[in-house]
Engineer: 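Got a structure here, written out as structure tokens. Questions coming.
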Amino acid sequence: VDLNLIEKYYTELLNDEEFLSEINEQIIVVREFYKKGIFKHEKLESIDYMAIQRIILYILVRLYKPKVCVETGVFYGGSTCFILNALRRNGVGKLISIDLPANEIKELQRHHCVGDSEFIAEGLDVGFLVHKALKNNWTLIRGNSHEEIPKLNEKIDLFFHDSEHTFDFIKKEISIVFNKLSDEGL
């Protein structure tokens with residue numbers, strides 16, 4: 001991979017005022033319900049506030065230009081936004097996200113280090129950070145990924161796991177996804 005291209009996409013993201021404005025707009029919209037993490041800020045001055053793995057996801061999607069991306073685990077939609085923005089910039093591709101409805105997430109046994117940081121406040125649903133301008137190429141499926149992935153009729157070009165992080169859950173999810181990956185699937 002050309003490092004200059006990686007730098008180009010990173011710089012593109014850093015300078016993407018439209019995307020940063022969409023994120024900031026959503027932060028304002030949900031602040032009355034959710035005030036943790038990035039949502040406690042009046043506004044983000046830079047997309048760098050959003051964590052390196054999301055920036056890496058953006059660059060991967062820009063580099064490989066997948067036609068079908070699948071994400072498991074949406075929560076507030078931070079990674080979702082970065083994938084969708086990269087697809088928008090690519091001018092091709094779609095994202096299928098799978099997550100439990102907000103009220104069902106509360107019923108799960110959470111990892112002891114997570115605490116309540118992944119509980120969604122009343123009045124919000126998974127993906128609440130995703131701006132309407134990013135939703136054109138997005139399908140949100142509310143359900144268990146182990147049940148929903150087998151129903152997908154398309155080959156997956158890029159798979160991103162960010163749902164339940166227990167070993168058994170991940171192992172099963174990867175085994176389901178593996179046969180659905182395209183020949184160049186990541």
Side-chain angles (χ1 to χ4, degrees), residues 1 5-6 9 12-13 16 18-19 22-23 26 50-51 53-111 114 118-120 124-186:
V1 174
L5 196 52
I6 292 172
Y9 289 144
E12 168 187 277
L13 182 60
D16 191 341
E18 177 185 26
F19 183 53
E22 291 164 355
I23 297 289
Q26 289 306 107
M50 295 292 291
Q53 73 269 18
R54 294 182 179 124
I55 293 168
I56 292 168
L57 263 175
Y58 176 86
I59 293 169
L60 279 173
V61 173
R62 290 292 281 133
L63 283 170
Y64 292 102
K65 300 186 179 9
K67 291 186 178 46
V68 178
C69 302
V70 173
E71 164 195 41
T72 58
V74 177
F75 187 52
Y76 65 75
S79 298
T80 309
C81 290
F82 278 74
I83 294 169
L84 289 169
N85 189 43
L87 292 172
R88 174 172 62 183
R89 286 283 193 150
N90 286 347
V92 65
K94 66 180 179 178
L95 172 62
I96 302 166
S97 300
I98 303 169
D99 205 348
L100 296 171
N103 59 351
E104 290 184 30
I105 292 172
K106 290 181 183 179
E107 306 299 319
L108 293 178
Q109 273 262 313
R110 303 304 297 169
H111 187 277
V114 172
E118 291 200 10
F119 293 147
I120 295 175
L124 296 176
D125 197 3
V126 294
F128 61 82
L129 186 63
V130 181
H131 191 276
K132 63 186 175 206
L134 292 169
K135 292 184 177 182
N136 292 338
N137 299 325
W138 187 39
T139 302
L140 173 59
I141 299 171
R142 289 173 175 85
N144 183 305
S145 60
H146 293 172
E147 297 166 7
E148 298 299 332
I149 293 170
K151 297 177 188 175
L152 300 177
N153 294 321
E154 305 162 273
K155 288 291 190 180
I156 300 168
D157 299 312
L158 181 124
F159 174 70
F160 177 62
H161 164 87
D162 197 17
S163 59
E164 183 61 39
H165 298 303
T166 61
F167 178 77
D168 289 338
F169 192 93
I170 294 169
K171 181 178 162 187
K172 183 171 182 179
E173 191 171 272
I174 296 295
S175 69
I176 294 168
V177 166
F178 190 77
N179 292 325
K180 295 242 175 220
L181 287 176
S182 67
D183 291 341
E184 290 83 33
L186 300 172

Engineer: So, N85 side chain and Y58 main chain: donor-acceptor pair closer than 3.5 Å or not?
Structural biologist: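 No, because the side chain of N85 does not come within donor-acceptor range (under 3.5 Å) of the backbone of Y58.
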Engineer: Decide yes or no on side chain to side chain contact (heavy atoms under 4.5 Å, CB included) for I6 and L63, but give the supporting numbers first.
Structural biologist: CA-CA 8 Å; I6 292 172; L63 283 170; 4.0 Å; yes
Engineer: Nearest 0.5 Å, what's the CZ-CD1 distance between F159 and I96?
Structural biologist: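 Separation between the atoms: 12.0 Å.
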Engineer: Check step by step if side-chain hydrogen bond (donor to acceptor under 3.5 Å, both in side chains) holds for T80 and E71.
Structural biologist: CA-CA 8 Å; T80 309; E71 164 195 41; 2.8 Å; yes
Engineer: List the atom pairs, with distances to 0.1 Å, where a side-chain N or O of residues 132-139 and a protein N or O form a donor-acceptor pair under 3.5 Å, not counting sequence neighbours.
Structural biologist:
from : atom 1 : to  : atom 2 : distance (Å)
W138 : NE1    : S97 : OG     : 2.7

Engineer: Let's go through T72 and D99 carefully: what are the C-alpha distance in whole Å and the side-chain angles of both, what is the deciding distance for side chain to side chain contact (heavy atoms under 4.5 Å, CB included) to 0.1 Å, and is it a yes or a no?
Structural biologist: CA-CA 6 Å; T72 58; D99 205 348; over 6 Å; no
Engineer: Could you go through S79 and F160, starting from their C-alpha distance and side-chain angles, then the distance that decides it, and tell me whether this counts as side chain to side chain contact (heavy atoms under 4.5 Å, CB included)?
Structural biologist: CA-CA 9 Å; S79 298; F160 177 62; 3.7 Å; yes
Engineer: Is V126 close to F75 at the side-chain level, that is, under 4.5 Å between some pair of heavy atoms?
Structural biologist: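 They are not in contact (no side-chain heavy atoms under 4.5 Å apart), so the answer is no.
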Engineer: Sort and list the pairs that fulfil side chain to side chain donor-acceptor pair (under 3.5 Å) and have at least one residue in residues 176-185, not counting sequence neighbours.
Structural biologist: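 Pairs touching residues 176-185 that pass the test: D157-S182.
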Engineer: May I have the step-by-step check of salt bridge (Lys or Arg N to Asp or Glu O under 4.0 Å) for E154 and K94, ending in yes or no?
Structural biologist: CA-CA 11 Å; E154 305 162 273; K94 66 180 179 178; 2.6 Å; yes
Engineer: Applying side-chain hydrogen bond (donor to acceptor under 3.5 Å, both in side chains) to E173 and H146, what does each step give before you reach the verdict?
Structural biologist: CA-CA 6 Å; E173 191 171 272; H146 293 172; 4.7 Å; no
Engineer: Among L60, I59, I55, whose side chain to side chain contact (heavy atoms under 4.5 Å, CB included) with Y9 holds?
Structural biologist: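 Considering L60, I59, I55, a side chain to side chain contact (heavy atoms under 4.5 Å, CB included) with Y9 is found only for I59.
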Engineer: Angle class for the F19/F82 ring planes (parallel below 30°, perpendicular above 60°, tilted otherwise)?
Structural biologist: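 F19 vs F82 ring planes: perpendicular.
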Engineer: Only counting residues at least two apart or in another chain, list the ones meeting side-chain contact (heavy atoms from CB on, under 4.5 Å) with E147.
Structural biologist: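 Result, side-chain contact (heavy atoms from CB on, under 4.5 Å) vs E147: N144.
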Engineer: Just wondering, are more than 12 heavy atoms of other shown residues or ligands nearer than 6.0 Å to NZ in K67?
Structural biologist: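 Check fails, neighbour count at 12 or below.
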